Participant: 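Let me begin by handing over the structure; questions about it come next.
If you're wondering where the values come from, they're calculated on a predicted model, not measured in any experiment. Order of appearance sets the numbers: ligands from 1, and atoms from 1 within every ligand. Numbering starts at 1 and runs along the sequence shown.
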Amino acid sequence: MTGERQAWLIRGAQPLGGEATDLLLVDGLIAAVGPGLTAPPGAQVLDATGLVALPGLVDLHAHLREPGREDAETVQTGSEAAALGGFTAVHAMANTDPVADTAGVVEQIWRLGRQAGLCDVRPVGAVTAGLGGSRLAELGAMADSAARVRVFSDDGRCVSDAVLMRRALEYVKAFDGVIAQHAQEPRLTEGAQVNEGEISGLLGLTGWPAVAEEAIIARDCLLAAHVGSALHVCHVSTAGSVEIIRWAKSKGWRVTAEVTPHHLLLTDELAASYDPVYKVNPPLRTQTDVDALRAGLADGTIDCVATDHAPHPTEDKETEWQAAAFGMTGLETALRVVHAAMVQTGLLDWAGVADRMSARPAAIGRLDGGGSLDGGGSLDGGGSLDAGGAPLHGRPLEPGSPANLVLYDPAVTAAVDPAGHASRSRNSPFAGMMLPGQVVATFLRGTPTVLDGKLAR
Ligand SMILES: [Zn+2]
Ligand SMILES: [Zn+2]
């Protein structure tokens with residue numbers, strides 16, 4: 001994965017959108033940052049004039065589908081999509097076949113990620129055996145495995161049993177893990193197809209009420225506080241959820257949350273087309289919800305953006321609405337959508353994007369070397385590529401940090417064309433949409449995975 005490491009001098013990049021400067025990458029680390037750096041002998045030089053430099057993006061939530069649904073995605077193609085989207089670390093959800101609920105399966109996924117070598121694939125472990133919702137999976141064995149699992153989720157399903165949720169939260173305290181909850185009260189969403197509201201009435205489809213999400217989030221915040229453990233809320237989609245998380249954080253409880261790019265940009269009015277490309281779990285909501293999600297991400301109530309990249313083969317999506325699978329691809333468009341929804345609207349600057357798409361998700365995934373979520377210490381001395389057996393991500397673009405970074409051209413605008421995506425699936429809701437920006441280059445520990453907007457190897 002690491003291979004031979006050459007030196008790279010990146011000229012004239014704008015770290016976090018600031019003043020243009022040079023970055024020198026040597027032996028997997030950022031060796032120097034400053035104007036007018038000299039290229040050491042043998043170094044490759046990359047002209048980054050006009051490009052924003054951000055720390056490599058970290059995705060807390062993607063479905064890479066391997067093992068079991070290699071017709072939709074593999075760890076290889078998902079890693080390619082991630083690199084092209086500017087990601088250097090991606091968490092792979094556990095709802096594979098077999099389910100990632102043992103040390104053996106998470107190690108298999110982790111090894112496939114290392115073989116692909118394009119980003120650090122971080123397996124998420126299932127909370128309950130087989131995602132069955134009746135008994136805990138082998139959380140400790142997955143945490144102790146070579147994959148060093150710290151994030152556990154039954155995503156795709158909700159851990160709806162309050163006793164099991166409490167036990168899981170208690171269990172992961174021993175190794176500083178976090179339970180990532182897919183908040184969906186099952187009885188309130190039986191047969192649900194679209195957001196409950198005007199559109200569901202218009203279409204005659206079963207509605208998916210906001211309270212089905214909010215009730216579980218409220219319960220889980222209280223449970224996390226009760227046992228003093230860490231809860232992460234997946235794909236927050238309603239204004240009420242943002243309010244509940246804001247309240248929980250005001251109490252000092254260990255609650256973090258993510259929002260997807262699609263929930264930041266799209267509304268349920270798109271479902272009126274009856275095109276299942278807009279069918280997703282949780283469903284697209286209203287403009288009021290979109291506005292609250294954007295405000296929540298801007299003020300830090302929502303910690304981070306996570307893609308919930310959910311590839312599906314054409315036959316599972318291009319069918320009638322009720323029969324179609326839930327989910328959208330997102331790895332290759334995430335940064336562009338956040339640019340449109342948050343930066344062009346003036347809600348976040350590039351430093352804010354770096355925080356919400358790299359530093360904070362790295363901290364939640366326990367990849368930042370510790371401390372940054374709690375405002376505590378940072379790494380001493382620097383110069384390290386990993387912490388506690390897990391690769392380091394989300395570190396600032398400064399000497400001593402691992403050379404994980406993305407170079408992004410904010411000046412271009414182009415239509416999204418899923419036919420050109422590396423993902424094995426084509427179910428992008430942004431197809432044909434004009435979006436700003438392009439990922440020009442991605443570096444993983446000093447080695448380019450993407451150059452000139454294409455895979456480098
Ligand atoms: Zn989910
Ligand atoms: Zn998901």
Participant: Compare every heavy atom of Y274 with every heavy atom of L203, then report the nearest pair and how far apart it is.
Facilitator: O-OH, 2.7 Å
Participant: Restricting to pairs with a member in residues 140-157, which pass side-chain hydrogen bond (donor to acceptor under 3.5 Å, both in side chains), not counting sequence neighbours?
Facilitator: H61-D155, H63-D155, T128-D154, D155-H182, D155-H235
Participant: Hey, would you say the Y408 and H339 ring centroids sit under 6.0 Å apart?
Facilitator: yes
Participant: Which one of D299, L297, D303 satisfies the side chain to side chain contact (heavy atoms under 4.5 Å, CB included) criterion with T301?
Facilitator: D299
Participant: Which atom name would you report as the N, O or S atom of H63 nearest the Zn ion (ligand 2)?
Facilitator: NE2
Participant: List nothing but the number: protein N/O/S atoms under 2.8 Å from the Zn ion (ligand 1).
Facilitator: 3
Participant: Restricting to ring pair (Phe, Tyr, Trp, His ring centres under 6.0 Å), what partner residues turn up for Y278, sequence neighbours left out?
Facilitator: none
Participant: Listing request: all ring pair (Phe, Tyr, Trp, His ring centres under 6.0 Å) pairs with a residue in residues 89-123, at least two apart in sequence or in separate chains.
Facilitator: none
